[in-house]
Protein chains: 2
Amino acid sequence: MYTIGKLSKETGVTKRTLDYYDEIGLVNPSSRTSGGHRLYGEEDVMRLERVLALKYMGFSLEQIKSILESSKLNWKQSIQQQLEMVKKEQERLKLLEQALLGVSYSIEFEGGVSWPIILNMIKILHQDPEEVFEQYQQYLDHEDMNKIKAVNDRMTEEDMHEWMQANYEIKKHLHLDPSSEQALQLAQRWADQAERMFESDDELLGDLWEALQNLEEEGIAFYPMDKEIIGFLKSVLAVHKGAK
Amino acid sequence: MYTIGKLSKETGVTKRTLDYYDEIGLVNPSSRTSGGHRLYGEEDVMRLERVLALKYMGFSLEQIKSILESSKLNWKQSIQQQLEMVKKEQERLKLLEQALLGVSYSIEFEGGVSWPIILNMIKILHQDPEEVFEQYQQYLDHEDMNKIKAVNDRMTEEDMHEWMQANYEIKKHLHLDPSSEQALQLAQRWADQAERMFESDDELLGDLWEALQNLEEEGIAFYPMDKEIIGFLKSVLAVHKGAK
DNA sequence: TATAAAACACCACGTAACGTGATGTTCAAT
DNA sequence: ATTGAACATCACGTTACGTGGTGTTTTATA
């Protein structure tokens, strides 16, 4: 028989928690002393351990209570549900990580917090892609959109970093002569990373590039693409093609 | 100028939430009607959007309030902290998923809920490996332990499934003649999966196998390994070796 | 066996970010 | 002027306990 203090030390659960579990009927001591002190027996300890296991698995105390009194069928269902919840939560966190990384890089490269970029990024990640790529509707078909979303999902931390940096470098050097070697290198860097991210799906990349050029407002390609960047790339491309 | 209802519809935030944000001074309307109705201006809408973005990124309202009034330096720090939190949470969820999968398979194969298995699984995942593999201390060195932990981290859903099933199949057929073809196949299946999980690190696998045999109590190898299973494998191995 | 110290029971308030009414007031349209 | 919709404000509920208080029981020591 454990007193509440002993049990607390044994299991690492605070007294208050045991208090609470007693109060809500989740783990009741099987007996008491004449003076009213709680005494927990072996079964009580077992029950507590099970409760802790289920708690670790992410169930609420309410759910735990009902699970512990239910049948096999209910068990399987609960576990499956919980599994799905966990998977969804993991996806959410993956997106969250991307958003935070984006903001982090945006601070790093832009030298400060750029709200338009952040808000766009959140939009991309927060809602379904349909709504964000709405402006592309007239230029890209449904298949393209899905592919682009897949590209976004595949993007690693390094991809994101390189992509934002390449864009930022261009922004910093918009004044460069499009025919200069340096401009060509910047454009090349941009194109290389785009190639990498699109896994050489040149058709898709071409479609997106077309769409970006035709857009009237600012475009988004995992990062706000302002007209300036697009214009710069366009002019470099023109010179380069002409020279060839 | 938006009234609270308009703003609510515009942004998808409930009135109560706007109420609350006003109350705690997170987003205050910049003016009111003579009658006291709230009127939100463009800046207020912008502020709200920023708040929502930060909320999406997982910050508490308290943090958001201070972030919105702080400097760049503070920003970077906050984002980095949040990033780390998110990464940690993701690791936790990965473990959680493993635990749930384990329980799910245990129900599937054992035909019901087996608490010893569940509690062991939770122990494996919950606390640091030191404590769980304590019993192996005398048989395995530190390096081996870390490798085993790495194996655990690498384990996919399919690995786990196959592993538990292979173990379960053996449990079901303990009575088989060790020299029978069927027994050999069961053992082979077990060994194959072990090989796969250990990525052919035969030395490590050998060490673990040694340890498992020498243990007096039940062992754990990503799943409770009872003496019966070990005994079965041992006898099959003996017959097979003898025959060779 | 008396007494002091430790452990305990039980109570109540606090937390975060709102949801859900309830009541009384102001606005917009008729 | 009236009426229905929108609004302001209040208050209690939610989860899983933490924190602290008061008064009682148990345990250790003299």
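To find a chain, count down the sequence lines: A is the first, B the second, and so on, and within it residues start at 1.
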- Residues which pass side chain to side chain donor-acceptor pair (under 3.5 Å) with A/Thr17, listed by chain and number, not counting sequence neighbours: A/Thr14

- Task: Remember a base hit wins even if backbone is also touched, and classify B/Lys55 as base, sugar-phosphate or nothing at under 4.0 Å, heavy atoms.
- Result: sugar-phosphate

- Task: Kindly write out the residues that satisfy side-chain contact (heavy atoms from CB on, under 4.5 Å) with A/Glu23, not counting sequence neighbours, or none if the list is empty.
- Result: A/Arg16, A/Tyr20

- According to the interplanar angle, ranging from 0 to 90°, do the rings of B/Tyr168 and B/Phe109 count as parallel (below 30°), tilted (30 to 60°) or perpendicular (above 60°)? parallel

- Message: What is the separation between atom NZ on B/Lys65 and atom P on C/dA17, rounded to the nearest whole Å?
- Response: 11 Å

- Spacing of B/Asp19 atom CG relative to C/dG19 atom P, expressed in whole Å: 11 Å

- Not counting sequence neighbours, which residues clear ring-ring contact (aromatic ring centres under 6.0 Å, His included) with A/Tyr2? List them please. none

- Here the distance between atom C1' of C/dG19 and atom OH of B/Tyr20, to the nearest Å, is 13 Å

- Message: Using a 4.0 Å heavy-atom cut-off to protein, can you give one letter per nucleotide of nucleotides 20-30 of chain C, 5' to 3': B if the base is in contact, S if only the sugar-phosphate is, - if neither?
- Response: B-----SS---

- DNA chain C contacts made by residues 39-50 of chain B, counting heavy atoms under 4.0 Å: none

- Atom CD of B/Glu62 and atom P of C/dA16 are separated, to the nearest Å, by 7 Å

- Nucleotides bounding contact with chain B, strand DNA chain D, heavy-atom threshold 4.0 Å: D/dC7 to D/dA11

- Query: Is A/Asp159 salt-bridged to A/Arg154, going by a charged N under 4.0 Å from an acidic O?
  - Reply: no

